Amino acid sequence: METALPTSSSESSSFELLEPRIQRWVWEAGWTELRDAQERAIPPIIAAKSDVIIAASTATGKTEAAFLPILSRLLTPEDEGGVALCVSPLKALINDQWERLEQLCETLDIPVVPWHGDIAASRKQKFVKSPAGCVLITPESLEAMLYNRGSSVSSIFAQLKYVVVDELHSFMGSERGKQLQSLLVRLEVTLRRRVPRIGLSATLGDIQLAADYLRPGEGANVTLIESTDASTRMKILVKGYLDLPPVLSEAEIATREKSGEELKLTDTTGTGMLAIGRHLYENLRGTNNLIFPNSRQSVERYTAVLRSLCEADRIPPEFWPHHGNLSKELREETERALKQTQQPASAVATSTLELGVDIGPVVSVAQIGPAPSVSSLRQRLGRSGRRKGSSAVLRGYVLEPELDLRSPVADTLREGLVQLIAQIELLLQKWFEPPRAAGMHLSTFIQQLLSAIGQYGGISAGQAYALLCVKGPFRAISQEDFATLLRSLGSQGVLLQDGAGTLLHGPVGEAIANHYSFYAAFSSPEEYRLVSRGRALGSLPITSPVGVGDYLLFGGRRWKVEMVDQPQKVVEVEAARGGRAPAFGGTQGSVHTRVRQEMKTVLAGDKQLTYLDPKAQELLMASRAAFRSMGLANTTRFTSADGLKLFLWQGDEIQNTLALMFKSLGIQAKNEGLCLALENCDSVRFGEAVDKLLEVEELTSETLLAHAENLAIEKWDMLVPRPLRERNYASLFLDLPGTYALMRTEGFCD
DNA sequence: GACCTGCTGCGGTGTG
């Protein structure tokens, strides 16, 4: 006989798996049920037999989905005194996470320890003396731990039960991500056992890619828990503007500035940009919003425009800047303004506000110009409409150049507008770019080799290869490559080999590894500190020169440079009235093939896009007409005054590769994004070139890049010997197989 | 004309 009576109001079997004290916590927190992701994550995590990925959007209780079962295990008698290590990409996230976990753990007698550069050494020492509970750490601090405490790591983590990777997606595809994979392997090798890995992530386009990242080579065995978003409704508006010049002419501005006049912002700012500023001001003021122009310089410009509109209306500033060169204090000022509820506040920000730092609810998101990628647009839009019943609101703004007879084709085809439309269309189709997983990251390999030598006090070449390239993530490095690298690093003084064949730091390696900057896998540019009356405002890249008397826009305010201390790299400023936003530099991002294909679809089609305003509509109509008159629906080639333009609608990796291939045949080729520009070339020569390229088909990255300079991109690339440096570069920016496949497709030469 | 992240150990001096 079966009884139908439930024994508790909870019908959850997962709930029953939790340790009684955790169950009590759930009750006392007033939860009436477990969320979907929590329900599904508890059994495999409690079992601790496999790795697990939990992919769900923000605010769906991912942290609890992982930590309720983890803490349950740490409370059971056989695992008492156990340790869980949680790796997180940001110090700010560790601090947030620590507060949440403390609430959970304070009654359970499980310590929670934040571990990053701002945490006092005494607190770290305390954990090392009696290791137990949860440690929240950055990859850099974990690196420092392995390097400096090599001999005691196995005892510190003797009771390690779980490794959690928070914001897994933010690590994938980067040198920092490669470093983390290597650290996790080095930890397991030190402990001589496997530790279950739990990955937490925002929803992923291809969750299997994340599984392969979390446990390389064994991704198929990872338990995948994907909680699909309850589809939020979206409201979208895209507005088009012409990029018209400022009220004052350039010459006028120059002469007036020379005479020392402080010019009004509205006189020196383009009138198209001012119109966007005014629309933002009129529609966003009074509520909380996020505005994303695409560069730090534009953040400063738009903040200045929006604040001057506030000033003109005599209302307190409602618009606050946020980017990576602002001091911690100024950024926190913006975060506080967003979080408090007395005054409305909107942030003008770069991708610093894309990740999960807590900023409270936001009504809408404004994107100025095309986003860097669909995935970042998605991340940004996910920041609005979180409240129940509300929609996510996206306002897109596009500033298009005025056309004349000499306008480049990219302007005629309205590249910016069409790219933003393509991104929105793909967003609606729920597609976004996967992370690029093919990078060799030899720079990070050098760091890991030096770190492993420090950790063990020396290591044999065979052990190093097994650790980093067989068990570890540097599997693209063959034994032959490895030998080449070792020889080269030896000849540069980075490595030494003693009589017994043990690898040790050479003098150069010693200097690299014994500086605190060693622990980060990525490099950072040299910068000036920007100071006003002893207060840190932020930093300026050394490539953005300033002189005494210059006016600056920075941190949403206007400044005059009073003093530049070259040796100390300090710039002193005083509040002023005029100002220009400094350039911060940087390199161009790369566009995915799927986005370019969608751009072609948008141009070739005649679909009415209801989210365009009349001006954007008009700009799109004109660009479609230009597309047709150029015959681009049927051909990839267009002959212009300055040569042949190839419209292939491919991503930048393929277009960069093709440009290099044509160059190898003496044709001046340049990837212009929307098209590939071939100088000194006509259709006949183009056809011959493609035939020739297909005939040879032996072009390697080494030959293509043989004469290229500037192949050192990542931190230690300058130590990578030449033939490998070319392959390393190609793994990040080129696609040879993809390019050959494209050239072989039928009609490529038509 | 892109964006972002992070960082130890030790020796010196001062204080209770």
Side-chain angles (χ1 to χ4, degrees), chain A residues 87-95 115-122 124-125 128 137-150 166-167 169-180 183 243 292-299 301 322-326 328 331 348-357 367-373 375-377 379-380 399 401 408 410-411 415-416 419 435 444 447 451 454-455 512-525 527 539 541 543-544 581-591 652 671-674 713-715:
Chain A
V87 187
S88 194
L90 301 180
K91 289 189 288 188
L93 285 177
I94 288 177
N95 298 343
W115 186 306
H116 56 66
D118 298 345
I119 301 296
S122 56
K124 297 173 182 168
Q125 203 52 48
V128 169
I137 198 166
T138 59
E140 288 74 19
S141 283
L142 183 55
E143 184 76 68
M145 214 166 170
L146 285 174
Y147 182 70
N148 293 307
R149 301 171 198 257
D166 196 15
E167 305 275 5
H169 60 282
S170 76
F171 290 111
M172 291 166 63
S174 71
E175 54 221 296
R176 203 176 183 211
K178 206 72 165 176
Q179 175 189 28
L180 177 56
L183 289 171
D243 188 7
F292 291 104
N294 290 330
S295 67
R296 287 162 285 190
Q297 186 172 44
S298 311
V299 164
R301 284 184 186 149
H322 199 279
H323 62 73
N325 279 69
L326 293 177
K328 204 176 163 209
R331 278 202 254 179
V348 188
T350 58
S351 51
T352 42
L353 286 185
E354 257 173 43
L355 269 190
V357 183
Q367 170 65 47
I368 305 178
S373 64
S375 104
S376 114
L377 183 62
Q379 194 92 297
R380 292 172 179 190
L399 204 52
D411 293 0
E415 183 179 19
Q419 191 175 336
T444 308
Q447 180 211 30
S451 181
Q455 178 184 353
I512 290 172
N514 289 344
H515 189 267
Y516 65 83
S517 59
F518 174 60
Y519 309 112
F522 53 87
S523 63
S524 7
E527 290 177 328
S539 59
T543 49
S544 174
F584 290 90
T587 48
Q588 189 64 286
S590 91
V591 177
D652 285 318
N671 174 17
E672 293 185 342
L674 202 62
I713 304 293
E714 297 182 342
K715 195 171 182 182

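A, B, ... follow the sequence lines: proteins, then strands. Residue 1 opens every chain. All of these numbers come straight from a predicted model, not from anything done at the bench.
With sequence neighbours left out, A/S295 forms a side-chain hydrogen bond (donor to acceptor under 3.5 Å, both in side chains) with A/S298. A search for side-chain hydrogen bond (donor to acceptor under 3.5 Å, both in side chains) contacts involving A/S451 returns A/E143, A/R186, not counting sequence neighbours. Checked against side-chain hydrogen bond (donor to acceptor under 3.5 Å, both in side chains), A/T352 has the following partners two or more places apart in sequence or in another chain: A/H322, A/T350. For A/F171, there are no ring-ring contact (aromatic ring centres under 6.0 Å, His included) partners, not counting sequence neighbours. Qualifying ring-ring contact (aromatic ring centres under 6.0 Å, His included) partners for A/Y147, counting only residues two or more places apart in sequence or in other chains: A/F518.
Under 4.0 angstrom from either OP1 or OP2 of B/dA2 there lies no side-chain N or O belonging to A/R296. One finds a side-chain N or O of A/T350 lying less than 4.0 angstrom from the OP1 or OP2 phosphate oxygen of B/dC4.
Rounded to an integer number of Å, the gap from A/N671 CG to B/dG1 C1' is 14 Å. Rounded to an integer number of Å, the gap from A/F171 CZ to B/dC4 C1' is 12 Å.
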Quiz item: For nucleotides 5-16 of chain B, read 5' to 3', which letter fits each nucleotide if B means a protein heavy atom sits under 4.0 Å from the base, S means only the sugar-phosphate is that close, and - means neither?
Solution: BBBBS-------
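Within the 4.5 Å cutoff, the side chain of A/R301 has heavy atoms near those of the A/Q297 side chain.
Looking at heavy-atom distances under 4.0 Å, A/E143 makes no contact with the nucleic acid at all.
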